[in-house]
A.B. asks: 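Just passing along the structure, written as structure tokens.
Excluded from the calculations below are hydrogen atoms, water molecules and symmetry mates; all remaining heavy atoms, backbone and side chain alike, are included.
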Amino acid sequence: TEDTTLVEGDLLSLSNLVLIASNSFLLLANLIVLANLLPNSPDQFILDKYTDSFLGIGCSMAWVNILTVISKLKTFIVVQKTILNSLQGVTKFLLGMLPLFLGFLFSSFCIFHEQERFSTLNNTNIALSALLAGDEIQDFINTMMNYGAFGTIYAMAFCILFLVCIHNVFIFIITEAFKEETTEENERKRLQKLQRITEENRNPQAFKAEEDIDKNSAEGRILLRSV
């Protein structure tokens, strides 16, 4: 029963679930390609659309799963743990800033819908999302200046709030998670070193015997390889 539980736990781990999902999408893409070879296959455009989507999703998930392989290496495990430690803080902050973004989204659409970039709610979302990425800032400010002082103040308020404040908060959250993880890693190494020193002081002969065994084992392996 214990062995079965361990196998099921390993199977249902996050990395295996991502791997299963990525392989499933890739297999679906291959099945669609095979179905396209049938004489009464559906529209070619629809099949190509689904094939491209499944291939893209499966490929991206396969690359994401490489983080699991990297996490097995002590040198790169800090990256994965930093992402996991900062995930909770980033999620809470995103939920907290969502009402602010929605407020600017709907107000921009209602007030400036005469402009092409704010003509629809979707276009407004694209324009504001581009600003969050640092694109088209000058064009956005020039468009808002057509509405006088109100438009200029509105544009500057959005840029200062999101591009200055919120971006820096994101950086702070991730930086603190990285510092916390590196501090914990250094503390674990220090405790392991202290524990080893303490054990060596308690029983130095046992550790000397272990070193001799390790040395002899290494010499034996070298001799076997030379033979």
A.B. asks: Students often mix this up, so state it plainly: with edges at 30° and 60°, are the rings of Phe112 and Phe150 parallel, tilted or perpendicular?
C.D. replies: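 Tilted, since the angle between the ring planes falls between 30° and 60°.
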
A.B. asks: Give the other cluster members for Leu26, using side-chain heavy-atom distances under 4.5 Å between Ile, Leu, Val, Met, Phe, Trp and Tyr residues; answer none if it is isolated.
C.D. replies: Leu55

A.B. asks: Closest approach of Leu163 and Leu131, non-hydrogen atoms and distance?
C.D. replies: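 Leu163 and Leu131 have their closest heavy atoms at CD2-O, 2.9 Å.
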
A.B. asks: Whether the side chain of Tyr147 engages the backbone of Ile111 through a donor-acceptor N/O pair (distance < 3.5 Å, no angle test) should be reported.
C.D. replies: no

A.B. asks: So, for Gly58 and Ser22, which heavy atoms are closest and what is the spacing to 0.1 Å?
C.D. replies: O-CB, 3.4 Å

A.B. asks: Are Leu27 and Phe54 side-chain neighbours, meaning at least one heavy-atom pair lies under 4.5 Å?
C.D. replies: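 Not in contact.
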
A.B. asks: Do Asn168 side-chain atoms and Val164 backbone N/O form a donor-acceptor pair below 3.5 Å?
C.D. replies: yes

A.B. asks: Tell me whether the rings of Phe158 and Phe101 are parallel (<30°), tilted (30 to 60°) or perpendicular (>60°).
C.D. replies: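 Aromatic pair Phe158/Phe101 classed tilted.
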
A.B. asks: Ignoring hydrogens and angles, tell me if any N or O in the side chain of Tyr154 forms a donor-acceptor pair with the backbone of Phe104 under 3.5 Å.
C.D. replies: yes

A.B. asks: Verify the neighbour count for atom CD of Glu114: are there more than 12 heavy atoms of other residues, nucleotides or ligands below 6.0 Å?
C.D. replies: yes

A.B. asks: So with a 6.0 Å cut-off around CD of Glu176, is the heavy-atom count from everything else above 12?
C.D. replies: yes

A.B. asks: Might you point out which heavy atoms bring Thr152 and Met145 nearest each other, and give the distance in Å?
C.D. replies: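 Taking every non-hydrogen atom into account, OG1-CG, 3.6 Å.
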
A.B. asks: Got a sec, which pairs hit salt bridge (Lys or Arg N to Asp or Glu O under 4.0 Å) with one end in residues 151-167, sequence neighbours left out?
C.D. replies: none

A.B. asks: Verify, without hydrogens or angle tests, whether Ser119 (side chain) and Glu116 (backbone) share a donor-acceptor contact under 3.5 angstrom.
C.D. replies: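 Indeed, once roles are kept as given, a pair shorter than 3.5 Å links the two residues.
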
A.B. asks: I'd like to know if the side chain of His167 reaches the main chain of Leu132, judged simply by a donor and an acceptor atom lying under 3.5 Å from each other, with no hydrogens or angles considered.
C.D. replies: yes

A.B. asks: Taking all non-hydrogen atoms of both residues, which atom of Phe118 and which atom of Ala127 are closest, and how far apart?
C.D. replies: CE2-CB, 4.2 Å

